[in-house]
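Structure first, commentary second.
Starting from 1, each residue takes its place in the sequence as its number.
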Amino acid sequence: MIQNAEQISAAARKHGAVRLFRAVVLAAGCIAAAACSSAPKRPEVITDTYNLASVRLESGNTALAAADFTAAETHFAEAYRMALSIDNAGLLCRVLLSQVVWQCSVRTEQAYGRADGLLEQAVMHAGRSEEKEMLQVLCSVYGLYIASCRRSVPQDYAAVLASAEKKLAKEPYYLGFVRHTLGDCHMTIPAYDKAYDAYRSAAEIHKQHLYLQEIGNDWYAAASACSLAGRRQEALDALEKALVFDRNAENSAAIAADYFALAQVYKKFSSGGDDIKKAAAYAQYAAAMYRSIQYEADAMKCEQFADAILSQD
């Protein structure tokens with residue numbers, strides 16, 4: 001920032017020199033163009049940094065879905081830095097919204113507070129973006145997502161999300177997120193059957209566009225809704241579907257979580273020895289998977305679960 005008169009004067013001189021230089025270059029360009037009609041056309045917009053930042057954002061979302069929070073943080077920070085360097089308000093908004101999900105995955109009130117702050121920044125950038133209307137709608141969806149994580153959603157959540165769907169129809173990734181958030185909101189009521197339908201619908205949208213990790217997450221959430229509703233077989237079926245897509249995505253942490261969820265469903269609805277054996281076997285396999293990716297705390301949790309149910313058998 002320029003602090004004094006001397007610096008202002010120097011800056012003005014520099015600006016004048018740049019203007020003169022540009023004028024000379026433009027004049028030379030006109031002469032060159034007249035001399036050579038085959039001169040290549042220059043692009044109206046350069047998007048090199050935007051494209052690189054978008055790739056980092058996508059990588060961050062992928063890492064987040066795989067529960068690789070360290071990698072997600074790194075990718076989001078770099079995507080934000082690049083988006084800021086070109087002052088792209090729309091991209092800044094999208095990066096901040098992904099960081100909202102990252103903070104909410106921590107599941108603490110302090111993290112939800114940080115998510116609130118990130119959402120406020122996203123709303124500010126949305127307001128000055130060329131995609132203003134769409135991004136403001138998207139921000140309202142993420143606001144409901146934070147509310148669902150706190151398990152305190154407004155009564156009109158379904159109407160808000162239905163309106164958002166219409167305006168996000170051409171954004172399949174976010175349209176799927178809207179449906180998944182609808183399921184999350186239904187879970188807080190609770191309305192488990194409606195939540196299952198919303199998660200299944202999200203999976204269908206994500207499947208059409210091959211968002212593999214999101215599909216696995218959708219079916220995992222659907223399994224949770226079924227389990228809480230007392231629908232054993234549908235919960236097991238949903239987890240098998242989650243496994244298919246998590247394997248296809250090579251999402252190791254999600255695969256391990258699927259197996260541990262299978263263990264929990266078999267234990268919850270146990271009808272005898274075979275169910276207990278299956279529950280223990282799935283938990284032990286989940287522990288081995290977690291250990292293969294160095295998630296030691298999760299591995300120990302699965303082993304303790306298996307040991308506890310075997311000791312009661």
Side-chain angles (χ1 to χ4, degrees), residues 62 64-67 101 104-105 107 145 148-149 151 153 161 175-271 274-290 293 295 298-299 301-302 304-306 308-309:
T62 299
L64 186 60
V101 178
C104 286
S105 66
R107 302 290 179 182
Y145 173 73
S148 72
C149 291
R151 304 195 67 77
V153 298
L161 292 172
L175 182 59
F177 183 80
V178 170
R179 296 282 177 88
H180 193 104
T181 300
L182 177 61
D184 291 342
C185 291
H186 284 322
M187 291 286 279
T188 68
I189 300 304
Y192 299 131
D193 291 347
K194 290 182 178 180
Y196 171 79
D197 290 340
Y199 291 137
R200 184 180 60 183
S201 177
E204 290 171 355
I205 293 170
H206 285 141
K207 184 178 179 181
Q208 290 174 7
H209 300 275
L210 297 179
Y211 291 112
L212 297 179
Q213 290 172 318
E214 284 74 15
I215 304 169
N217 187 37
D218 294 333
W219 280 114
Y220 183 91
S224 177
C226 290
S227 177
L228 289 168
R231 292 152 53 184
R232 166 189 160 128
Q233 192 55 50
E234 287 176 274
L236 294 174
D237 292 343
L239 286 171
E240 291 295 342
K241 290 177 181 177
L243 271 170
V244 169
F245 292 104
D246 288 332
R247 288 193 195 104
N248 289 347
E250 294 189 347
N251 191 345
S252 301
I255 296 170
D258 294 339
Y259 277 116
F260 188 44
L262 283 169
Q264 293 171 307
V265 171
Y266 272 108
K267 179 181 181 295
K268 177 179 179 179
F269 298 102
S270 172
S271 58
D274 286 344
D275 285 343
I276 291 298
K277 290 178 180 178
K278 287 180 179 180
Y282 280 129
Q284 289 166 343
Y285 192 69
M289 282 211 64
Y290 275 129
I293 55 174
Y295 282 31
D298 294 291
K301 180 180 178 180
C302 294
Q304 291 168 359
F305 179 90
I309 58 179

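Considering every non-hydrogen atom in both A283 and C302, the closest pair reads O-CB, 3.3 Å. Across every non-hydrogen atom of I215 and K207, the tightest pair is CD1-CA, 3.3 Å. Here the closest non-hydrogen pair linking A253 and A66 is CB-O, 3.4 Å. Of all heavy-atom pairs spanning Y295 and A67, the tightest one is OH-O, 3.1 Å. Between I309 and A280, the closest heavy-atom pair is CD1-N, 3.5 Å. Here the shortest heavy-atom pairing between G216 and A242 reads O-CB, 3.6 Å.
Inter-residue side-chain proximity for V153 and I189 is flagged as met; some heavy-atom pair is nearer than 4.5 Å. The closest side-chain heavy-atom distance from E240 to L243 is below 4.5 Å. Counting heavy atoms from C-beta outward, I205 and E214 have side chains that stay 4.5 Å or more apart. Contact of the Y145 side chain with the S148 side chain is registered, since non-hydrogen atoms from C-beta on lie closer than 4.5 Å. Between F260 and K301, some side-chain heavy-atom pair lies under the 4.5 Å cut-off. Proximity of H180 to D184: side-chain heavy atoms (C-beta onward) are separated by under 4.5 Å at one or more points. In this structure, E250 and L212 have side chains that are not in contact, with every pair of non-hydrogen atoms separated by 4.5 Å or more. In this structure the side chain of S227 reaches within 4.5 angstrom of the side chain of F269, judged on heavy atoms.
For A195, the side chain to side chain contact (heavy atoms under 4.5 Å, CB included) partners two or more places apart in sequence, or in a different chain, are H186, M187, Y199, A225. Contacts of D197 classified as side chain to side chain contact (heavy atoms under 4.5 Å, CB included), with partners at least two apart in sequence or in another chain: R200. Residues passing the side-chain hydrogen bond (donor to acceptor under 3.5 Å, both in side chains) test with N248, sequence neighbours excluded: none. R232 meets the side-chain hydrogen bond (donor to acceptor under 3.5 Å, both in side chains) test with D275; sequence neighbours excluded.
Side-chain N/O atoms of Q213 and N217 include no donor and acceptor closer than 3.5 Å.
Within the cation-pi definition used here (under 6.0 Å to the ring centroid, within 45° of the axis), R231 does not qualify as a partner of Y192.
Residue pairs that meet the side chain to side chain donor-acceptor pair (under 3.5 Å) test with at least one member in residues 252-267, sequence neighbours left out, are R247-Y259. Applying the ring-ring contact (aromatic ring centres under 6.0 Å, His included) test to residues at least two apart or on different chains, the pairs with a partner in residues 200-231 are Y173-Y211, H206-Y211.
Shown here is Y285, whose OH atom has no more than 12 heavy atoms of other residues, nucleotides or ligands within 6.0 Å.
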